[in-house]
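Just below is one structure, and these are the notes that go with it.
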2 protein chains.
Amino acid sequence: MIPAPVRPSALLTDLYQLTMMQGYFASGLHTQTAVFDLFFRKLPYQGGYAVWAGLEEMLDTLETLHFTEDELAYLDTLGLFRPDFLAALRDWRFSGQIDAFAEGRVVFAHEPLLTVTAPLWEAQLIETMLLNTLNFQTLVATKAARCALVAAASPFGGEVIEFGTRRAQGPDGALSAARAAFVGGATGSSNVEAGQRFGLPLTGTHAHAWVESFEDELSAFRAYARVYPDSTTLLLDTVDTLSSGLPNALTVARELRAAGHELRGVRLDSGDLAYLSRTIRAALDGAGFGDVKIVASNDLSEGVIAGIIAEGGRVDVYGVGTQLVTAGGPGGGALGGVYKLTQLNGQPRMKLTGDPVKSSLPGVKRVWRGVDGTRDGDSTFAWDVLTLGDEPQPGQTVTDPTNPLRAARLPATLQWEDARQPVMRAGKRTQPTAPLTNIQARARQELARLPAETRRLLNPHVYRVSLGADVSELRDTVSAHLRGKAG
Amino acid sequence: MIPAPVRPSALLTDLYQLTMMQGYFASGLHTQTAVFDLFFRKLPYQGGYAVWAGLEEMLDTLETLHFTEDELAYLDTLGLFRPDFLAALRDWRFSGQIDAFAEGRVVFAHEPLLTVTAPLWEAQLIETMLLNTLNFQTLVATKAARCALVAAASPFGGEVIEFGTRRAQGPDGALSAARAAFVGGATGSSNVEAGQRFGLPLTGTHAHAWVESFEDELSAFRAYARVYPDSTTLLLDTVDTLSSGLPNALTVARELRAAGHELRGVRLDSGDLAYLSRTIRAALDGAGFGDVKIVASNDLSEGVIAGIIAEGGRVDVYGVGTQLVTAGGPGGGALGGVYKLTQLNGQPRMKLTGDPVKSSLPGVKRVWRGVDGTRDGDSTFAWDVLTLGDEPQPGQTVTDPTNPLRAARLPATLQWEDARQPVMRAGKRTQPTAPLTNIQARARQELARLPAETRRLLNPHVYRVSLGADVSELRDTVSAHLRGKAG
């Protein structure tokens, strides 16, 4: 019953990927073995971490990616491509290997989240699709984690549901956002198609239009409760929350109880949510309806949720829409993930450019995650380090990725794990697609292992990502060589 | 050769639309005739206008929208829906009518951009899909218009192309953005699938990886020019723009000319774009390459483009990516379009709520656009007015939609046009799908008819949208009635 997934087409790429591919093909360079790293340079939302999302979908897409006859015919109309190249595209498949962080792990700036090793023209084509999938889902999963962590920190508990479809970037923007929000910790979505495709728990109340369709609010509430006696959440603000919505909801709650049912919840969608939720909680509790949940919505964000909790608000479920699916707020909007060539035919490669912060790290790197067993009980993440060689752990001295002057010695007490794993070999997944609930559980465990000061919403402690001595030496060597050639 | 469009599923909706539909169905209210208005309350980007986009796609979707057997089977698994309701959904089709601004028109806050008249359960289901399509495309088309108008205002001309796929919200986010950017004035896209689907002109250069794949930059440039002798644009900043990229590009430009070809362009992707473009323009002109275009990219926005031009920059083509497809910048990120019930079975309806700015306007409205024939030559847009009746033009006295204290008299000199048109009747389009180039041309004409002070990027003159006396009277009557009932 799950519909066949709508996979991105091989044409979901930038034109220059195809013109470069033909260039490599025409120059006989297309089969050289290339290594590309995917990474970002800045954490979103001015925050301390990101939740890596989209990987499983991307791998599913990549396994079957190919050019259809229609697509080849279209490319032919552009007048840019030669028959022998188009013929070669007919047989194009991704045959390379990928190493990556497992989806749901927490990740940081400057570390290769994913490394592609493949014939150059294969690695080149997929750049756009990889970035499109992984940038956006990581951005939204991170936003969801920020909202969910804040909500859960309320003394009364609290969860986050996603309902931003109407403000999302097109149909698939909404689906991708619903999936990624779940990975990051949202417990459900309002998007029915996302429910079908990804098995997400669905959630929903009713709209103002429902109330306006009846003679008065009480009739509208009663009609809804009649249809959904065990799952009714009533929207209180169509007329006035406290003077109309609340008393009418209490009437219906009593009527439901008399008939052997219970009102599930009430929803606030305007006004001062901290004040209203406190007032309504007290009224519900006072009337014997302590189990009726309070749902709140209205342009929520992690900052607004934190404010409601700080003022003693009593919201049980935060419905986050626009800010979640569009990744709003300072430092949001987009994740600037990039995909850079680091090695070709065994030779290290890098981009220098006029802006040192935009240069890339040459060589095939390993990512180590150092765990501090002495903190917070057992296993707090403490430090990530990139190295080149096959040593069982990083060396003692490391430097900052963007400033070699900032050197440090690694504490001897850290335990090191190889943070990434093989996820694709010879164009095939190494493991079946992970269920989304497992990915969500992994993200929850990962977030729990972050230092509390790194999880903070504002001015978090900057988690350290460092370069091993071999990585910085290789960067120095390659950039000196490039500068020499530039004269 | 154009692939079958991937239309949104009927499940691309919020769960509450379906639960409300069943509620109406169970209460025998689903066939009542409802009227909904779609509008937004705030112009995006703190700007003075919006470009209305997405309508034609939405109408195509709506004409064929239905529930498949798989979708009905999925709904059945949710345990929320009764067999008779699911059976009725099997035959569900949109049979209503829609009046709307033509796609590409400039539109403003508080006016109904689109009005749906349909059986209640039909009008309810489509809300999410309508908002998803129209909010995002209008947002991006408006951003594109802002960028394109600024670029075109350079004394040397200038155009905008879209290449944000890698930062867009999933595959369809990228496609929708490419389409909408074209409507707003972008002259092309890098997204090959968007080229195929929408017939957009495609554009592209090469990436840093191309240069890094060769022994040195000059070899890389020569190899590219060999494959594309008549369409080569060289990326200059892989090593260093002025000391390496520029001299190597000039060498290749001379070699191409000697072989009977011409270099098409150079691209700058880092550094100070104003300074670099001036310097490179001078160098190219001095070497006899006055026709070589300068393309610039690197997190551009309308503000950055304006800055480059203000400093005498000489960019011919601005490649705008992230900021365009994610609608970045203050007042961007999302368009808060909403869809509100205004009439049911001939009776006016409205939402009151605690926040007067979030209340809606009851009644079936007409939108008049007043044109000032005395300004700027001929036909500048001057004033939009909403009325209820069938009069051939608005009455003299109007009020502000959010503040009745702000009343005004309409100048007698304005010419009035009925700004919207029937676009769907009995569930069928009234016209065939408009070609995208026509929509783009319409947007260009519309933008030219805006007062210059309304087109301004910052602190624009607020274009007036007013309520006719009949509209504000009806609002007063209905809200007094609702307040009376609320007690």
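Every chain is numbered from 1 and lettered A, B, ... according to where its sequence line falls, protein lines coming before strand lines.
Using modelled atom types, no side-chain atom of B:D14 and backbone atom of A:F163 make a donor-acceptor pair closer than 3.5 Å. Checked by atom type and distance alone, the side chain of A:Q169 pairs as donor or acceptor with a backbone atom of B:Q169 at under 3.5 Å. The main-chain N or O of A:G337 is found under 3.5 Å from a side-chain atom of B:R167 such that the two form a donor-acceptor pair. Listed for the A:Q22 side chain is no donor-acceptor partner under 3.5 Å among the backbone atoms of B:V227. At distances below 3.5 Å, at least one donor-acceptor pair connects side-chain atoms of A:R349 with backbone N or O atoms of B:E212.
Heavy atoms closer than 4.5 Å to chain B are found nowhere in A:Q343, neither backbone nor side chain. When heavy atoms are compared at a cutoff of 4.5 Å, A:D269 approaches chain B by way of both its backbone and its side chain. Interface remark: B:N132 contributes backbone and side-chain atoms alike to the contact with chain A (heavy atom separation under 4.5 Å). Both the backbone and the side chain of A:L18 come within less than 4.5 Å of a heavy atom of chain B. At a 4.5 Å heavy-atom cutoff, A:T133 makes no contact with chain B through either its backbone or its side chain. With a threshold of 4.5 angstrom between heavy atoms, A:L134 does not approach chain B through any atom at all. If you measure heavy-atom distances from B:T322 to chain A, the contacts under 4.5 Å come from the side chain alone. When heavy atoms are compared at a cutoff of 4.5 Å, A:L344 approaches chain B solely by way of its side chain, counted from C-beta outward. For A:V325, the part lying near chain B is the backbone, with the side chain staying farther off; criterion is any non-hydrogen pair under 4.5 Å. Interface remark: A:L75 contributes side-chain atoms only to the contact with chain B (heavy atom separation under 4.5 Å). Residue A:F36 touches chain B through its side chain alone, counting heavy-atom pairs closer than 4.5 Å. If you measure heavy-atom distances from B:L78 to chain A, the contacts under 4.5 Å come from the side chain alone.
Residues passing the ring-ring contact (aromatic ring centres under 6.0 Å, His included) test with A:Y224 are A:H206, A:W210, A:Y228, sequence neighbours excluded. Partners of A:F85 by ring-ring contact (aromatic ring centres under 6.0 Å, His included), not counting sequence neighbours, listed by chain and number: A:F25, A:F81.
The two residues B:S9 and A:E193 have their closest heavy-atom pair at CB-OE1, 3.6 Å. Looking at every heavy atom in both residues, A:Q196 comes nearest to B:D70 through NE2-O, 3.7 Å. In terms of heavy-atom proximity, A:L482 sits nearest to B:V239 at O-CG1, 4.0 Å. A:V192 and B:Y74 make their closest contact through O-CE2, 3.7 Å (heavy atoms, listed as atom of the first residue, atom of the second, distance).
To the nearest 0.5 Å, atoms OG1 (A:T238) and NZ (B:K351) are separated by 7.5 Å. The CZ atom of B:R483 sits 10.0 Å away from atom OG of A:S243, with the distance rounded to the nearest 0.5 Å.
Put simply, of A:M129, A:E127, A:E217, the one with the most heavy-atom pairs under 4.5 Å next to chain B is A:E127. With respect to chain B, the highest number of heavy-atom pairs below 4.5 Å among A:S190, A:G329, A:G245, A:A209 belongs to A:S190. Ranked by non-hydrogen atom pairs under 4.5 Å with chain A, the options B:S479, B:A207, B:G328 are led by B:A207. Interface check for chain A: of the options B:G195, B:A327, B:S231, B:G332, the most heavy-atom pairs under 4.5 Å are formed by B:G195. Top candidate by heavy-atom pairs under 4.5 Å with chain B, chosen from A:T233, A:N248, A:T203, A:L175, is A:T203. No other option in A:M350, A:R226, A:E57 has as many heavy-atom pairs under 4.5 Å with chain B as A:M350. Of the listed residues (B:G170, B:G204, B:A26), the one with the most heavy-atom contacts under 4.5 Å to chain A is B:G170. Of the listed residues (A:R82, A:Q323, A:Q347, A:Q137), the one with the most heavy-atom contacts under 4.5 Å to chain B is A:R82. Ranked by heavy-atom pairs under 4.5 Å with chain B, the list A:T326, A:L29, A:D216 is led by A:T326. Heavy-atom pairs under 4.5 Å with chain A were tallied for B:A168, B:G333, B:S176; the largest tally goes to B:A168.
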